[in-house]
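Read through the structure below, which is laid out as structure tokens, and then see the notes.
Please read these numbers as outputs of a predicted model, since none were measured by experiment.
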Amino acid sequence: MASALLALMLTPIKPYLVMMAVLTILSLSGILGSAEALAGFGNSGLITVAAMFVVAAGMHASGAADMLVNRALGRPQYERSALLRIFGPVSLLSAFLNNTPVVATLIPAIHSWSRKIGVAPSKLMIPLSYSAILGGTLTLIGTSTNLIVNAQYQTLTGEAGFGLFTITAISLPVALVGLAFIWLFFPRWLPDHQSQAVFANLREFTLEVTVAWDGPLVGRSVEAAGLRQLERVYLVEIERDGNVLAAVSSEELLRGGDRLVFAGDTESIADLLRIPGILPSAENGHSQALMTERPERCLVEAVVSPHCAAVGQAIRDARFRDRYGAVVLAVARNGERIRGSLGTIKLEAGDTLLLEARPAFVSRQRYNKDFLLVSDLDTETPRHDRAWRAWAILIGVISLASFGVISMLNAALLGAGLMIISRCCSISQAERSLDLEVILTIAASFALGAALEKTGVAGYLATGIIDLSGGHPWLLLVLTYIAVSLLTEVITNNAAAILMLPIVLQLTEQSGLNAEPFVFAIMMAASASFATPLGYQTNLMVYGPGGYRFMDFVRVGLPMNLIVGAATLLILLVGWPLN
């Protein structure tokens, strides 16, 4: 356990790799049998999480989530009014859909909306993440942590587990306190990165495209081809037969193979690529494989991380196609156009790239260290005619599970199947919605939790905590919450919860205490990760789009942790018997 914690806290190794390595060691050493080591992969909670990812995909692909958000957002006049518009739909969606895909869906929408209402995205992105975190605690299915803790609790104790709304009595007042705290203080505490408020309009990209040899633009003038009427993008120069034509005349006739160099913003570049006869430039590494099946590709705007393997390399040497399955179409640096050929530009940390990639790139790279994903600019058009169908499926799933007609597992599986059968989402969209890293981390974490109990480590640690508390039940509860909260900030929330649950169950058994309030404390503390962008996935997702620095999370997140922790403990101590 100590080695796993150190690896998670001090190394850049991804959590799922650490947990899979732990699982392998526990199985090879004989500490766990093969059935025990692999039990997590067949756990009902894990399968429920996977199924709910598909349900969320159906809500997104059908436009059902957009329908709620678009009707709720409107055009507020003030920043605090904008926050109130975010709280409702985000918390509601996160209560019944895993909050990770909810935030992934809403980042581009909130980013675009912030520009329309004149509010910097840095004022809204952290509240978006925190609202989703608080909303996810409202029900058993709102976050994978709750589902996994409930499933492990059933496995370890043999109890029936908790209902869909059992935790709501605790989490609802806590969420209201947390949202009120955000509304009162965050407008003053959050940074005002005004440059981010005009993110797409003022930042220039450099883009190279090629005139197709046998396309409709050959022989037409720049004016007749419609390349002078484009908004917020302009033709800088033409490269032809090794020569550069600068200050291009509107009457200049286009030839097949001409490389056109444009500068402009991301939205206009997306429009430019839709002009018949315009192809992405071949010099920056396009392959024929990426030139085909255009509907299966998307435009992605991403910021180069300091950890990116391509930093310091020219674009043509970075092998983007082989390494990432993507092609660089445009580059922006410090809001200015970069001179020179696109293929020769050496990448630097902080460069913003416009990439053309297959849709899987978004799900693969969203949490990787190579890129801080900003937005998917050219996603598939939502099937708005199926939005009400998706809402009916979601409400049906919730109702069946709430009234105990079928189990949460069966309800989630039924909902996922209906989303695909009713074509609210395609099979490929359902496949892309499954976050393999999250699933592997959760499944492998069960092995470590089982080993802690089997080897007696959980009992040993529980005894230590009991001695530290002096036998006071209320202090045991406080220490439990603090321990999980601290672990969540430095490792993943799911791993923190799974590691602590066997210890806490041993603690309550040895002390003769009621385990339920302690289990609820684990659920709440594991989700209440506000102080760093690392402890919770939604925090990491808004880190780049909000233009934040690490200390921005610390400044607002530490007080948020204290407020939410105090509210949770107060409600548990007053409302639940510990003995």
Side-chain angles (χ1 to χ4, degrees), residues 32 35-36 39-49 51-52 136-171 398 400-413 442-443 445-459 461-463 465-466 473 476-477 480-481 483-484 493-527 568 571-573 575-579:
L32 295 179
E36 294 172 309
F41 289 91
N43 186 273
S44 62
L46 178 68
I47 307 303
T48 304
V49 170
M52 289 306 296
T137 65
L138 293 176
T139 67
L140 190 67
I141 62 174
T143 174
S144 58
T145 304
N146 290 355
L147 282 167
I148 295 305
V149 169
N150 182 60
Q152 194 183 25
Y153 174 75
Q154 291 173 311
T155 301
L156 295 177
T157 65
E159 299 289 340
F162 305 106
L164 184 61
F165 294 105
T166 304
I167 196 173
T168 309
I170 304 159
S171 57
I398 295 167
L400 289 173
S402 301
F403 293 107
V405 178
I406 55 178
S407 68
M408 190 63 245
L409 169 64
N410 289 333
L413 290 173
I442 293 171
S445 296
F446 273 97
L448 184 52
L452 288 174
E453 184 184 25
K454 185 175 182 179
T455 59
V457 173
L461 293 174
T463 302
I465 295 175
I466 292 171
L476 279 177
L477 185 66
T480 297
Y481 187 96
V484 177
N493 55 316
N494 286 321
I498 291 173
L499 291 179
M500 283 299 297
L501 186 61
I503 299 170
V504 167
L505 291 178
Q506 288 278 354
L507 181 153
T508 54
E509 182 179 350
Q510 291 179 23
S511 303
L513 300 175
N514 178 17
E516 283 195 4
F518 290 85
V519 176
F520 292 145
I522 290 176
M523 288 182 176
M524 295 296 295
S527 291
T568 301
I571 292 169
L572 286 173
L573 290 171
W576 265 261
L578 298 183
N579 295 309

Minimum heavy-atom distance between I571 and A169, given as atom pair plus value: CG2-O, 4.4 Å
Return the minimal non-hydrogen interatomic distance between A497 and Q152, and the atom names on each side. O-OE1, 4.5 Å
Using 0.5 Å steps for rounding, measure from the CG atom of L138 to the CD1 atom of I170. 11.5 Å
For residues 156-167, dump all side-chain donor-acceptor pairs below 3.5 Å to protein atoms at least two apart in sequence or in another chain.
{"from": "T157", "atom 1": "OG1", "to": "Y153", "atom 2": "O", "distance (Å)": "2.5"}
{"from": "T157", "atom 1": "OG1", "to": "E159", "atom 2": "N", "distance (Å)": "3.2"}
{"from": "T166", "atom 1": "OG1", "to": "G163", "atom 2": "N", "distance (Å)": "2.8"}
{"from": "T166", "atom 1": "OG1", "to": "G163", "atom 2": "O", "distance (Å)": "3.4"}

Could I get the full list of side chain to side chain donor-acceptor pair (under 3.5 Å) partners for N410, not counting sequence neighbours? S407
CG/L409 to CE/M52 distance, rounded to the nearest 0.5 angstrom? 11.5 Å
Which residues pass the side chain to side chain donor-acceptor pair (under 3.5 Å) test with T137, sequence neighbours left out? none
Nearest 0.5 Å please: distance from the CG atom of L140 over to the CG atom of N150. 4.5 Å
Any side-chain heavy atom of V504 within less than 4.5 Å of one from V519? no
Closest approach of L32 and A447, non-hydrogen atoms and distance? CD1-O, 3.2 Å
Please report the interatomic distance CG(L573) to OG1(T568), rounded to the nearest 0.5 Å. 10.5 Å
Test of understanding: with side chain to side chain contact (heavy atoms under 4.5 Å, CB included), list the residues that count as partners of P517, not counting sequence neighbours. N514, L572, W576, L578
Looking at T139 and G142, would you say the former's side chain and the latter's main chain have a donor-acceptor pair under 3.5 Å? yes
V484/M524 under side-chain contact (heavy atoms from CB on, under 4.5 Å): CA gap, chis, key distance, verdict: CA-CA 9 Å; V484 177; M524 295 296 295; over 6 Å; no
Please identify each residue that fulfils side chain to side chain contact (heavy atoms under 4.5 Å, CB included) with L400, with sequence neighbours left out. V405, I406, L414
Mind checking what makes side chain to side chain donor-acceptor pair (under 3.5 Å) contact with S527, not counting sequence neighbours? none
Could you give the distance from CG (L147) to CG (L46), rounded to the nearest 0.5 Å? 10.0 Å
Sequence-distant partners of Y481, ring pair (Phe, Tyr, Trp, His ring centres under 6.0 Å), two or more places apart: none
Any side-chain heavy-atom pair from I503 and Q506 closer than 4.5 angstrom? no
Excluding sequence neighbours, so at least two apart, what forms side chain to side chain contact (heavy atoms under 4.5 Å, CB included) with A515? L505, T508
Applying side chain to side chain donor-acceptor pair (under 3.5 Å) to Q154 and not counting sequence neighbours gives none
